[in-house]
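Just the heavy atoms: all of them, side chains too, but no hydrogens, waters or symmetry mates, feed the values below. Here is how names work: the chains are called A, B, and so on, in the same order as the sequence lines, proteins then strands, and each is numbered from 1.
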Protein chains: 2
Amino acid sequence: MPGPGRPRGFDRDRALTAAMRLFWERGYEGAAISELTAAMGIGTRSLYTAFGSKEQLFREAVALYESSGDGTEFYELPTGRASVERMLRSRAATYADPNTPAGCMVVLAATNVSADNERVRAMLRAIRVQDRHALITRLERARTDGEIAADPVPVADFFLSVLYGMSVLARDGASVADLTRVVDTAMTSWDPLTRR
Amino acid sequence: MPGPGRPRGFDRDRALTAAMRLFWERGYEGAAISELTAAMGIGTRSLYTAFGSKEQLFREAVALYESSGDGTEFYELPTGRASVERMLRSRAATYADPNTPAGCMVVLAATNVSADNERVRAMLRAIRVQDRHALITRLERARTDGEIAADPVPVADFFLSVLYGMSVLARDGASVADLTRVVDTAMTSWDPLTRR
DNA sequence: AAGATTGTGCATCGAACGTTGCATAATTAA
DNA sequence: TTAATTATGCAACGTTCGATGCACAATCTT
């Protein structure tokens with residue numbers, strides 16, 4: 001259903017994917033419009049007609065990033081331990097995947113930003129906070145199930161810390177095998193959590 | 001020993017400290033020269049006369065940052081466990097100190113940069129790699145001492161991951177108490193490392 | 001065929017970026 | 001006192017940033 005008007009001369013989804021990759025690699029401010037248009041294979045005017053502004057393009061890119069990766073389906077696994085472990089291993093594999101930029105876009109793309117773009121930074125933080133609460137919720141269930149005895153909040157923060165740190169390690173060149181071993185070590189912390 | 005010429009009209013160390021704080025908070029590219037001069041209380045020309053360029057100012061700021069925090073003296077503690085634990089607790093306290101910007105400058109100030117400033121990013125990564133090898137060296141000693149049985153490299157990467165992740169948690173608002181609990185949990189991974 | 005609507009290329013906008021030239025001020029050395 | 005040397009304020013540099021005005025192209029609707 002094209003509607004009236006001249007049809008778009010490029011594939012919007014492919015262009016958005018290219019923008020996502022560049023934002024992922026360079027961060028919000030590190031990716032210039034001129035670089036984005038080059039990567040997307042379109043002109044400046046087409047970018048603004050199709051996406052509105054750099055910030056709106058970034059928001060769409062983040063939404064695509066989130067919908068591309070595995071969501072929160074690991075949290076439906078029967079045990080808290082399996083949920084956390086699956087989450088960490090899945091992320092480790094994508095963070096160090098040589099076919100995509102290293103690390104997590106939500107963690108890295110706006111860690112430090114100029115005063116003008118604080119909104120962008122706050123947006124990514126909101127996603128992290130939301131993900132944190134999803135993890136806390138899963139760990140609370142693990143406690144009511146009698147699987148762990150510890151307070152879920154610090155446990156969640158511990159595994160989040162490992163998760164976030166893996167993004168930096170990946171940026172510094174860590175392989176999937178390297179990150180997998182990090183997860184192995186992190187999971188040895190699980191058993192002590194079962195005891196009060 | 002002033003030497004010839006008009007004397008500098010400001011305290012160079014205090015100005016550098018102010019620059020360090022702004023770089024720490026906003027990152028290399030996020031801190032504009034105009035903001036730096038405002039924070040340092042000097043004019044543009046004085047900044048360039050005294051420090052040469054933005055990149056040189058940043059390098060001095062990083063050097064100051066490194067010399068300000070505690071160095072690697074925890075690695076001289078008798079056990080590997082005490083070394084690692086002291087390092088993590090010390091960093092946790094500074095990362096969430098309300099009197100300074102949250103997190104670690106070396107981790108956060110150049111995680112994503114534009115193509116022009118890749119050198120700055122590489123410089124901070126070099127520091128991280130160097131710190132990583134200091135930790136690996138300490139853990140190798142722990143193994144030869146018979147304190148741990150595991151391979152030191154993945155163990156180092158695990159604790160580094162926790163460390164790096166704490167910077168992100170601190171940026172998202174974690175308190176010293178929060179990070180301390182993260183360290184508590186991380187240290188429960190130590191005992192399993194002693195067994196093969 | 002005519003009108004309405006939307007996309008694209010070109011040129012360019014104002015603002016901010018990091019940086020510098022120049023005249024002048026303030027000091028030491030001769 | 002004079003010369004040499006360094007610091008500062010002012011104004012501006014060239015470049016890049018994100019964003020836009022406008023003419024024209026290409027489609028749907030009537």
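- Taking atom CZ on A:Arg8 and atom P on C:dT5, their separation rounds to 18 Å, with Å as the unit.
- Among the protein residues, A:Phe10 comes within range of the sugar-phosphate backbone only, with heavy atoms under 4.0 Å from sugar or phosphate atoms but none that close to a base.
- The two residues A:Glu147 and A:Thr79 have their closest heavy-atom pair at OE2-CB, 3.4 Å.
- Neither OP1 nor OP2 of D:dA25 sits under 4.0 Å from any side-chain N or O of A:Arg6.
- Taking the ring centre of B:Tyr28 as origin, the terminal cationic atom of B:Lys54 falls inside the region bounded by 6.0 Å and 45° from the ring axis.
- Shown are B:Leu179, B:Val176, B:Thr180; of these, the side chain to side chain contact (heavy atoms under 4.5 Å, CB included) with B:Arg89 is made only by B:Thr180.
- Between the CD atom of A:Glu29 and the P atom of D:dA19 there is a distance of 12 Å, rounded to whole Å.
- Rounded to an integer number of Å, the gap from CD of A:Gln56 to P of D:dA19 is 9 Å.
- Across the protein-nucleic acid pair, A:Phe51 atom CZ and D:dG18 atom P stand 16 Å apart, rounded to whole Å.
- Closest to the side chain of A:Ala32, out of C:dT8, D:dG18, C:dT19, is D:dG18.
- Atom C1' of nucleotide C:dC17 and atom CG of A:Asn117 are separated by 14 Å, given to the nearest angstrom.
- The aromatic rings of B:Phe58 and B:Phe23 lie perpendicular to each other, with more than 60° between the two planes, well past the 30° mark.
- Using a 4.5 Å cut-off on side-chain heavy atoms (C-beta onward), B:Val162 and B:Thr185 make no contact.
- Between A:Asp172 and B:Arg132 there is no salt bridge, since none of the side-chain N atoms of the basic residue sits less than 4.0 Å from a carboxylate O of the acidic one.
- DNA chain D is contacted by both A:Tyr48 and B:Leu47; B:Leu47 maps to the nucleotide lying nearer its 5′ end (nearest heavy atom per residue).
- Under a 4.0 Å N-O distance rule, the pair B:Glu55/B:Arg59 qualifies as a salt bridge.
- Each of B:Ser34 and B:Pro7 was assigned the nucleotide of DNA chain C with the nearest heavy atom; the assignment lying further toward the 5' end belongs to B:Ser34.
- B:Phe58 has its CZ atom 17 Å from the P atom of C:dC17, to the nearest Å.
- Contacts between residues 35-46 of chain B and DNA chain C, defined by a heavy-atom separation under 4.0 Å, are made by B:Thr44, B:Arg45.
- Atom CZ of A:Arg26 and atom P of D:dG18 are 12 Å apart (whole Å).
- Atom C1' of nucleotide D:dA7 and atom CZ of B:Arg12 are separated by 13 Å, given to the nearest angstrom.
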